[in-house]
Protein chains: 2
Amino acid sequence: MGLIVTLNDVAKLANVSKMTASRVINHPEQVTDELKQLVFKAMKELNYQPNFAAKALAANTTRIIKLIILEKVDTVEPYYATLLMGVAQFLNSHQYALQVVTQKNAGIGDCDGYIITGARRDDFEWINELNRPTILFGENRHQYDFVDSDNKYGTFLATSAAINDGYEHIIFFGIDLKESFEYSRERGYMDTMQKAGREPQIVRFSNHSSQSQNYIQEHWQSFEKNTCFICSSDRLAIGVERGIQHMNGQIPEEFGITGFDGVFLDQISEPKLTTVKQPVMEMGSKIAELLLKKITWALPLDEDHHPNRTNRIEVVFSPELIRRQTTRNYHLN
Amino acid sequence: MGLIVTLNDVAKLANVSKMTASRVINHPEQVTDELKQLVFKAMKELNYQPNFAAKALAANTTRIIKLIILEKVDTVEPYYATLLMGVAQFLNSHQYALQVVTQKNAGIGDCDGYIITGARRDDFEWINELNRPTILFGENRHQYDFVDSDNKYGTFLATSAAINDGYEHIIFFGIDLKESFEYSRERGYMDTMQKAGREPQIVRFSNHSSQSQNYIQEHWQSFEKNTCFICSSDRLAIGVERGIQHMNGQIPEEFGITGFDGVFLDQISEPKLTTVKQPVMEMGSKIAELLLKKITWALPLDEDHHPNRTNRIEVVFSPELIRRQTTRNYHLN
DNA sequence: ATTGGCGATGTTATCGGTAACAAGTTCATT
DNA sequence: AATGAACTTGTTACCGATAACATCGCCAAT
């Protein structure tokens, strides 16, 4: 009669004990096919939905995952908002709550696992102290599991496309940050240029469109026509685009531009940016999925055995070159 | 010795029963001050953190809130991402899980309450069937509780600023949508113009920057200098800005532009947009706060009494005019 | 002195699910 | 036929918190 269908109701209808019904869900191999069918039928008939609060309580679990964002960026930044959506989507469908932590107040309150993005060298001191499964967003040298995108491959895609499109000069606009993602992007550019026998040239800025725009305008005479700018972010690319337009350069014929990230920003410029798109949402989902898997492996909590000292998990996503109107041949897309 | 501090531990340390400790949290008026102090002291000493799974289970509650986004927009859209952040922030700090639902598959799975955004006339058929507390984002004629921003006041701010800044012609660029937020924005413009004895002029577009940009470029001759464009979104405003720049108009001296929303987009244009900023994040938090309040009122679930038929809650936030570089006098900010 | 009422506190059962253990079957082995 | 290993199913206790009920002590009214 109650609004809520419990395992008990299912068990009664199937003429088995509550425990058997539970086993059908958690250890199906321990139950005979015959009973399994009966239980499945009853579950369907009653539209059984497991109660996750009860599950959590029985398993001594919080069903809370903390996402720790260490960069000083605004959470409104579409990149992080998108990542967060990906994480949230997966966690929600598994009835986990997501807690977003922007400072280092991660200590308060228990949780089942951590996702950390933007960790720097000094951070690993306290990250090492975390006694719950943890996965990082972004590669690291500390043997931590991580998910990342293949940055080197991304700039390889952009650079070789620029070469194939016939641009004679190809300049890299990088972000002035000592982060490994930036190193990888620059390496992808360098390697591709060297293999093609081209002379590389790198300039770096803080990641604001006004920086790259000013640079373009102030050094306009030094840029020959038939040049492509490989940018390490869509922000820098937008600045380049505005600078070229301001100086009345022709895009994409005289000057090409490629961005990097492909999250929202690339679509609001005019003409629309050719960019290296990261599957940010999928990466968010993946990291959540891996973390949940890790959590169920690690249970029950083994006090002697640190949860983050197993075989390393590394998942690297391949970005994709989206050809649009800031490079030649965009119609070939 | 256990890692988790329970109410029982607190009770033991305070030399009271578990029930008394529980009452200190939920019905403090039933406990003498003396015992209350003891319990508080014990809670602090042990750093007690309530177990929400247990709470949920005992209260026959899911601790899940569903956010139903009915517009066909991308969830990557910064506006919705920001709203979501606001909702998530509040829910997280109260240990509620947020489920984001984009289609009408809201039926599956139980929850404690709904937040709905973008509801249209036809939607109220099924919204009426929801038997859990519900709050809408955006005003409505159906007696539903809602949170919204004061759109009329927003365009009043923008329009009167344009008048004060000395623009002679003031044109409204609206969104071609039969939604009440758009009506309110247009009314705010109209009323302000009429009171000032100015002649209003409204043009409408679908909400893409290319639309307004094309319009500006194609009708360039018809715009006299000393005109300000009051736009119903930052997207349209960006298009206007690009159009004017393309035609070599001077911003803000010859032409002024104001946007609407103030979520991310306003900051990536060059020059930066003057805009009517909505406190979207705060609105998200507020709507979550109201919903949780409503949920605790409504408990225990009263089968005869529909949860959405009480005195109406209406919370309207005032937007703020952010003066930047697309209108005159921006240095007065 | 007995009774009754009230406020403060403790006891029990319960929410829905699962681990640990107990009990019952079947079947091969001696 | 007796023994027991292997497998299947049921029973009990418990996760942490709370509502409902029971109990206790105190004081006023008879």
Side-chain angles (χ1 to χ4, degrees), chain A residues 1-39 42-43 46-64 94-95 109-110 112 296 299-302, chain B residues 1-39 42-43 46-64 94-95 109-110 112 296 299-302:
Chain A
M1 202 54 48
L3 287 159
I4 293 165
V5 178
T6 74
L7 252 193
N8 226 335
D9 302 330
V10 172
K12 270 181 203 156
L13 183 61
N15 265 314
V16 298
S17 76
K18 192 166 66 158
M19 201 57 225
T20 302
S22 169
R23 271 191 273 253
V24 169
I25 297 172
N26 299 295
H27 310 282
E29 77 285 357
Q30 299 179 5
V31 183
T32 51
D33 285 348
E34 192 187 6
L35 288 191
K36 247 186 292 194
Q37 294 314 319
L38 284 175
V39 172
M43 294 202 309
L46 297 174
N47 186 29
Y48 168 72
Q49 303 285 355
N51 181 317
F52 288 86
K55 250 195 164 90
L57 182 57
N60 248 317
T61 267
T62 63
R63 293 199 94 79
I64 294 172
H94 290 70
Q95 308 284 327
D110 199 18
D112 291 349
T296 40
L299 285 177
L301 211 62
D302 182 344
Chain B
M1 202 52 50
L3 287 160
I4 292 165
V5 179
T6 75
L7 209 49
N8 225 336
D9 302 329
V10 172
K12 270 181 203 156
L13 184 61
N15 262 316
V16 297
S17 75
K18 193 166 66 160
M19 203 56 225
T20 303
S22 169
R23 270 190 275 256
V24 169
I25 297 171
N26 299 294
H27 311 283
E29 76 285 356
Q30 299 178 5
V31 183
T32 53
D33 285 348
E34 194 188 4
L35 288 191
K36 248 185 291 195
Q37 294 313 319
L38 283 175
V39 172
M43 293 201 314
L46 298 174
N47 185 30
Y48 169 71
Q49 304 285 355
N51 181 317
F52 288 85
K55 253 196 163 91
L57 182 57
N60 247 318
T61 266
T62 64
R63 292 199 94 81
I64 294 172
H94 290 69
Q95 308 283 329
D110 200 17
D112 291 349
T296 39
L299 285 176
L301 210 63
D302 182 345

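Note that the structure is predicted; figures quoted are calculated from it, not measured. Naming: A, B, ... by sequence-line order, numbering from 1 per chain.
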Residue-phosphate contact under 4.0 Å: B:Ser17 side-chain N/O, C:dT9 OP1/OP2: no
Phosphate-side-chain proximity, A:Ser22 and C:dT18, N/O vs OP1/OP2 below 4.0 Å: yes
Flag side-chain contact, heavy atom, 4.5 Å: A:Asp33 against A:Lys36: yes
Atom-pair distance (CG on B:Asp110; P on C:dG16), nearest Å: 11 Å
Euclidean distance, atom CE of residue A:Met19 to atom P of C:dA23 [Å, nearest integer]: 17 Å
Rounded distance (Å) that lies between atom P of D:dC14 and atom NZ of A:Lys55: 22 Å
Proximity to the side chain of B:Ala58 - top-ranked nucleotide from D:dT9, D:dA17, C:dG16: D:dA17
Integer-rounded Å distance: C:dC15 C1' and A:Asp9 CG: 13 Å
Distance test, side-chain N/O of B:Asn26 to OP1/OP2 of D:dT18, below 4.0 Å: yes
Nearest-0.5 Å distance, CG of residue B:Leu7 to CD1 of residue B:Ile25: 5.0 Å
Spacing of B:Asn51 atom CG relative to D:dC14 atom C1', expressed in whole Å: 13 Å
Closest nucleotide among D:dA17, C:dC21, C:dG17 to the A:Arg23 side chain: C:dC21
Least distance between heavy atoms, B:Ala53 atom then A:Ala56 atom: CB-CB, 3.7 Å
Minimum-distance pair of heavy atoms, taken over all atoms of A:His94 and A:Arg63: O-NH2, 3.0 Å
Protein-nucleotide distance (B:Leu57, atom CG; C:dA13, atom P), rounded to Å: 18 Å
Candidate nucleotides D:dG16, D:dT9, D:dC15, ranked by approach to the side chain of A:Thr20 - the nearest: D:dT9
OP1 or OP2 of D:dT9 under 4.0 Å from side-chain N/O of A:Thr32: yes
A:Tyr48, nearest nucleotide to its side chain (from D:dA17, C:dG17, C:dG16): C:dG17
Phosphate OP1/OP2 of D:dG16: any B:Asn8 side-chain N/O under 4.0 Å: no
B:Glu34 CD - C:dG7 C1' separation (whole Å): 15 Å
Rounded distance (Å) that lies between atom P of C:dA8 and atom CG of B:Leu38: 16 Å
Phosphate OP1/OP2 of C:dA19 contacted by A:His27 side-chain N/O (<4.0 Å): yes
Touch class at under 4.0 angstrom, heavy-atom based, for A:Phe52 against every strand present: nothing
Nucleotide of C:dG10, C:dG16, C:dT9 approaching B:Val16 most closely (side-chain heavy atoms): C:dG10
Minimum heavy-atom distance between A:Thr6 and A:Tyr48, given as atom pair plus value: C-CE1, 3.7 Å
Side-chain-base donor-acceptor pair under 3.5 Å for A:Lys18 and C:dG16: no
Sugar-phosphate, base or nothing in reach of A:Leu7, heavy atoms under 4.0 Å: sugar-phosphate
Closest non-hydrogen atom pair between B:Asn51 and A:Leu57, with its separation: ND2-CD1, 4.3 Å
Touch class at under 4.0 angstrom, heavy-atom based, for A:Leu35 against every strand present: sugar-phosphate
